[in-house]
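All remarks here apply to the structure that follows.
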Amino acid sequence: GGATGPADGAKRVDGGTIEYAHQQEPACVFGGWIEQAYLSYQVLDNLTSLDEDGTPVPWLAEEWSASDDGLTWTFTLKEGVEFTDGSPLTAEAVAYNFDHWLGGGNSTAQVWLDGYYESAEAVDDQTLVVNLSAPYPRLADNLTQSYFAIQSQEALETRTAEENCEAPIGTGAFVVEEWNRGENIVLTRNDDYTSWPANAKHEGPANVERINWRFVADGTTRTSALRADEVDALYDVPAIEWEGLDTAGFDLAKYVTPGRPQQLSFDTVEGPFVDENVRKAFAYSLDRETLVETIGKGVIPFEGNGGVSQSTPGYSQKAADAYSYDIDKANELLDTAGWTETDADGYRTKDGETLDVTLPYGAGSIINAEGASILQGVQEQAKEAGFKVELIPVPQSEFFAGAYSTPEERDISAGYWTAVTAGILHINWRQNLPDSPNYNNDAFYNDPVLEDLILAANSEADLDAQNALYAEAQEYIADHALSIGLYDRLSSLAVSPYLKDVWQENAQGGPVFHDAYFVE
Amino acid sequence: MTLQQKVPVTPPAARSRKNVVAPWGLGAALAALLFFVAALVAPQVLATHDPYALDLANALQAPSLAHWFGTDESGRDLYSRVVWGTRDSLLIGIGATAVSLTIALILGAIAALAGKYVAGTVNRVIEVLFAFPTLLLALLLVTVIGPSAFSQVFAVGVGTSPGYARMIRGQILSAKNSGYVEAATALGHSRGRILRHHVIPNAIRPLVAVIALSVGQSIVWASSLAFLGLGVAPPSPEWGALLDAGRLYITQAPWLTVIPGLVIVTLAIAATTIGKHIQASLEKGEK
Amino acid sequence: MTLTSSNKAAAAADASASAARPASRHRILARRIGEKLVGALIVLFGAATTAFLAQAALPGDRATVILNTRAGQAIQRTPEELAQINEQYGLLNPIVVQYFDYMRALLTGNLGMSYQQYRPVSAIILEQIGPTLVLTLTAIALSWLIMVVWIILTAGRGPRLSSFGAIVDTTTAGLPHYWLAILLLLVFSLSLGWFPVISGSSPAGLLLPALTLAIPLAGFMSQATRTEFEKSLEQPFVLSARMRGMGDLGVRLHHVLRHSVLPAVTLSGWALGATISGAVVVETVFSRAGIGRVLVTAVSSQDLPIVTGVVVLIAALYVVANLLVDVVYVLIDPRLKNS
Amino acid sequence: MTTLVTEIRTDAVGVAPTGDPRLSVHNLHVGFTRGGAFHEVVKDVSFDLHAGQCIAIVGESGSGKSVTARSIVGLTGRNATVESATISLDGEDLTTVGEKRWREIRGRRIGFILQDALVSLDPLRPVGKEIEEALKLHGWGDRSSRKRKVIELLDSVGVPHPELRARQRPDELSGGLRQRALIASALALDPEIIIADEPTTALDVTVQAQVLSLLDDTKSRGVSIILISHDLSVVAHLADHILVMKGGVVVESGPAQQVLTRPEHEYTKSLIGAVPSEHTRGRRLGPELDIVATAHPTRFAEEFADYTGPVLEARNLVKRFRSPDGSVSTAVNDVSFELQPGTTLGIVGESGSGKSTTARIALALTGADEGSVTLLGREWSSIRESQRRPLRKRISVVYQDPLSSFDPRWNTERILLDAVTDEEPSTLAEKKARVRELLAQVGLTDAVLPRFPLQLSGGQRQRVAIARALAPSPSVIVLDEAVSALDVSIQAQILDLLVELQKQIGLSYLFISHDLGVISHISDTVLVMKDGAVVERGTADDVFNRPQHPYTQQLVGSLPTLDQEIP
Ligand SMILES: Nc1ncnc2c1ncn2[C@@H]1O[C@H](COP(=O)(O)OP(=O)(O)OP(=O)(O)O)[C@@H](O)[C@H]1O
Ligand SMILES: Nc1ncnc2c1ncn2[C@@H]1O[C@H](COP(=O)(O)OP(=O)(O)OP(=O)(O)O)[C@@H](O)[C@H]1O
Ligand SMILES: [Mg+2]
Ligand SMILES: [Mg+2]
């Protein structure tokens, strides 16, 4: 099936319902997971929005500035904005949201602000002051992520957790009409919408009346439904379907999420990877690029950088190019590291112990089917150098229950973390110390040098200087082979040619339906 | 001259014509089984390629002379993977059957032979477990012990056991109440001897057929778990895992899904057919 | 020779026999219903306990799971974070206390609150059970239709057709749901476009999922029915109907069918459970809402209240289905009323 | 209460039927293809049936009686081949008619009454429906007139309360009522021919008499009857003409009187001679047996050598059973008996009268609620099973259905070895020798040793069962319906064997049967049971010739006999 597209200058129709097929169904509309961010973007607005070029532009905040010491931020809010429960958007309400996030209302917002945030106060109805304990010049950039979306204070205070989970009250373009668990969420237009971001493609309430946000876990089913005209747009185009959809005339959009790419972090405190040479040998043993290109069908981009993805400001190409396939080097390094013997199956051994490394991964949640194929390729390639990689697909529940979270349990950890700045490095590489634990440090790598580098970058006000510092941190990670990149995480969309102006917001690549309209 | 003559009066035609398996059906089933056993014992002989070797240049090839079942997204030869996967799949099926029948035997025997209260309680336990759909029970167990080949074996084994426990209980009870047990009692044989010589052997005999049936069914259940992502770890070529992995490519490379499914179905049907045949011939010996 | 005297004697004996019946029949019935209800309660209680125990045995810290699932992350959690959750759901209480709390709540019909959705489990289940029941009941009805037609057409029609029929039975009975679902989807939705790809809860989308469940079930029931059917076909009362001038189809429909469906009726009670097993898979493949998908999600996110709720519900369905089966059984074979 | 006339009809003798036959069967050959091979089971059968005539076909099980009958209505079976036959009904050749025409003939022109009434009526439907079905199939009347007709029919075959009965299912009716309902459905459309295949097999003797007289009435209305039975005495008073079949062949055919009184064929003679009755007591039913029986000396045999009292003695046995609704029924009510050494005690009574329960108590397989049993003068019923076990070798049992009493996995040799006393003889070789000896005693050869129960014929199985019972050299054998499932001639052989064994080794039998003929043939003393109680006891001669209790009188009176001396 699938239409080749409408005639040029086709007539625009008002209203209508967008049938949208999304992959995963989160537990709540608002929360700390990207799947929730995609949904809350439709319903809630943020203070700032990220523009195409990576600069924050006004949204609920008309303007903002930081004090010279970088510790005090002042946001001026748009006037006349109302939450969909009728309560007005005030500085006080926004301040309440900040405290709400930090108090457990949003775990992701919390890790970003932790260590920097002091307090938020309303100076008057329209003016909000945020006090920081250390300078954080990219605060406005970070506030573009939907984890920092603003909800009605009244709703947060008076409604039940269930209500706020299922249908949070924001100022957004849509409101949650109903949620049929396991099937769909129906979002209806907020006819009184006034607070579109500065980078919106049109002004005024949404063009379409309704979004039927359906949950269709299977990629093939989503694609086929699009071809059969059962849906107008879908999220996460399987790589294998990309070309076909393109030829059939569908509009495809691909967004490489900034932040941490899909990468492998080595366990630096326990097991063979404590030895830097072994880490490097592993990196050299892989032909990551060919692997990703083949399985990703040229759609999934290869990513050599273990720190941040290529779409992240301050990305270091040098770090990305640090290792390429070189089996001789790999063998040499392993010999140096003392893994000189080889057993009957071709695996290296040292003192009778096999070079056995464990690679657990969140199957179906963190790593999708294509990612799993790539990991199998990694396993097979590393075998050539004599690594025995044990792949352990961990189901979501076990993974979330903290299985394989300790150095004893794993040697390599795979995963990503979306962000809008290289500030993600701070979350991933801050030291894990007894009095300030950092369980997000997957390499268990406690290095004050690296941490200081990142902290300096975080607080550096000059953009170029900051990027240089971030790049330095990435190169540090590459030099010590703490983590190597595999591929970039994508947010991709396929849209019917009869649906126009669907775009991907620039913070996380989620679909924006506010501007979308149908043509005949 | 009778009060009531008890000549067996069923017309000859009613001497039941059992559902016999057509001979060619049985032949095909045996041939399939032979192949699978060969693949279990000596996969290297049957396989044409290394089941794990990547061949990135030849990814997603349709079935051809070079690759009988085609290749997957990494260029691995599907036929060879199916052959090598036989071991995992079959062992899971056999293992699950062993677990299932062991549990079923213990529960069934207690429910049939123990004292009134113990038997009653165990019988209730069987009933409760039987109220769980097989997959649900298996799902619960896999979550508890984490997905692996072992947990598949265990979960499927436990999941399918209540049905067999019921069956075994019935079997033992009917042996226990049979004429030959009464005859042995009348001959003055001891309880233990009767149990050993008559009840247990006669109750266990039909299990031969059940084993075959159960191996086939267990593989299907295990692959269902694999399909839900709760199976053995890839890149193991276990059939359920193959099928699950192929699903992403179903429109472009349907063979990746259809062929492993076909293999599972073939084995299940072959096992069932053979099981039925054994059952039929056992019954023929008894009726 | 006179018939009268002995007739009278026989009549008297018959009359006394039938007069004795109704009273004792009611007593038997009351007793049997009582036994069934007690049995049903035990099954429910056992199922609830098993579900609780299974979940209690789940690995990992439950508070961590709850937090991580909410956030979509797999990390360790700080003690403060955990304390809050533990407090809220009473996760640190001794297991016995948790069990009694759970059972007490269950008795009042309260299945608890979902960890992930912040909603009462009963609401979630009520919302999802509808589509699943529609699916499974349609599937069972379809399987009966397929089975009856297939049996009437092929059973007892000479060795060749019969054994062909039997082979088809075995084959279809062995088809795994997921595979059949994928094939049906591939052929009828993706290639031919006759049915929607995403079934949702539309009536048009019901057929393929229902067929997926119905075909193996029909095969399974046919196996049992076929044996009975062919046995019944050769029973003297069938011959006797033929001797009265009844034709083949008449005999099959009026006499033989009724006798041969009893095993299939038994299977139908069990089939409700089996189709729910299948629904777990089918709902996923056809993107249908329903209890199966809720269950898979809940199991993978360790949402204990939902899992136990679903288990109790399925056990309840099983109990109800089996009570129904008992009723249908007696309707089909009234002899069982007295036995 | 009058008794059924039992003499052989004389009116048919020499009366040659005149006119064209209604039904004419010539050179009927029927065969079946089984497992690829062709077996001819009916060979060249011919007869003519005239209006108002009754032809009886008699013969042993498997002789082809039913197949012959079924061929007449074209329902021989799927894999049957009917060859070179002329079957014509009032001149219409039935061998060539199509299925549609057959359906018109069946039920309307030819009514068929099948063997067993319980299974010949659909057990799930009310009998009224079954009768109505016959009417409906042939387009008779409308709904309400059919309903009326059903009641009329039931009434005409002597069913009391026909309105009530029409609504009941077969399992709610007694055997006699069922059989009558079945007859009513066959008579529904007034067919000119009735084929009755063993119409009385499942009936108690009194009911059997009623059914036969019902058929007699029908015949006198001009209906032609083909009556099939394995029992000569049943057909004796109804048949005008008798065909005797053996192995698919009619070995003798002639007017009833002639066949019954002056049988020509050996087989007919043996068939008549094999029927046990009061008159045959103390005489062999078949040819002389060539067996030598010896009781094997065992420790126990010696221990009891001096004992001379009754071998088995029951005093005031009572057994109650609780039915599902909680009510209690008394299966055995105050039963006492003594079994003297070397004699046979027969227990006779209707189904459900408590015979088997009494036997099980005697065997101590069931405990009595009251009363006690002594075996060879020792306490038997009141002791623990473990104490009883050694004594069990003194008492054996043979059941009606030997097949179910054999472990299907064991061959004859193993079955018998298992029964041979453990302590002596001790070596396997000795035991095997003893097994052979036992086989010889029951007239079997070693050829049966490797065979499994299923591979034995009915008679062989019962002999093996007797051999097993003999194995421990018991003093008493309890035989519960031990010959009831057997054909007359095989029954005769087994009865002869039992008598011979008793003669040679002085066994005592507790012989249970519902068959008066058998009981009167073999018993020295007889108990008659009804509803759990003993209504009459005495010597066989007294009980059968001078019954005191009305029930016994009714039984003895209803007994159809050939009533003659065998030449
Ligand atoms: N449908 C059939 N297929 C194969 N053999 C058959 C079939 N029906 C009858 N026979 C065989 O034909 C022979 C005659 O059977 P028939 O039923 O006529 O015996 P019968 O004289 O009526 O015996 P009984 O007294 O036991 O009813 C038997 O050997 C029987 O096994
Ligand atoms: N185990 C039992 N439980 C309940 N009732 C029983 C049991 N055994 C026998 N009865 C009842 O006791 C009565 C006598 O049965 P029994 O078997 O002794 O009769 P029978 O004279 O041998 O009859 P038949 O000729 O049919 O074998 C019957 O009403 C029977 O239903
Ligand atoms: Mg017959
Ligand atoms: Mg009896």
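In what follows, chains are A, B, ... by sequence order, proteins preceding strands, each numbered from 1. We use all heavy atoms of the structure for the numbers below, so side chains are in, but hydrogens, waters and symmetry mates are not.
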> Any idea which heavy atoms bring D:Pro472 and B:Leu187 closest together, and the distance?
Replying inline: CG-CD2, 4.3 Å
> With only heavy atoms counted, which part of D:Phe32 is less than 4.5 Å from chain B, the side chain, the backbone, both or neither?
Replying inline: neither
> Looking just at side-chain N and O atoms, do B:His197 and D:Asp407 make a donor-acceptor pair shorter than 3.5 Å?
Replying inline: no
> Looking only at heavy atoms, what is the nearest atom pair of B:Ala183 and D:Ser405, with distance?
Replying inline: CB-O, 3.7 Å
> Distance from D:Arg360 atom CZ to B:Glu182 atom CD, nearest 0.5 Å?
Replying inline: 4.0 Å
>> Heavy-atom cut-off 4.5 Å, strictly under: side chain, backbone, both or neither for D:Leu365 against chain B?
In response: side chain
> Passes salt bridge (charged side-chain N to carboxylate O under 4.0 Å, His left out), D:Glu385 versus B:Arg191? Steps please.
Replying inline: CA-CA 10 Å; D:Glu385 178 65 26; B:Arg191 245 179 84 93; over 6 Å; no
>> Looking at every non-hydrogen atom in both residues, tell me the closest pair between D:Arg389 and B:His189 and how far apart they are.
In response: NE-O, 3.6 Å
> Is it the side chain or the backbone of D:Phe452 that comes within 4.5 Å of chain B heavy atoms, both, or neither?
Replying inline: neither
> Which pairs count as salt bridge (charged side-chain N to carboxylate O under 4.0 Å, His left out) when at least one residue sits in residues 120-136 of chain B, sequence neighbours excluded?
Replying inline: B:Glu127-B:Arg166
> Which bit of D:Ile395 comes within less than 4.5 Å of chain B, counting heavy atoms only: side chain, backbone, both or neither?
Replying inline: backbone
>> Checking D:Arg451 now: which residues fulfil side chain to side chain contact (heavy atoms under 4.5 Å, CB included) with it, not counting sequence neighbours?
In response: D:Thr412, D:Gln455, D:Leu456, D:Gln460
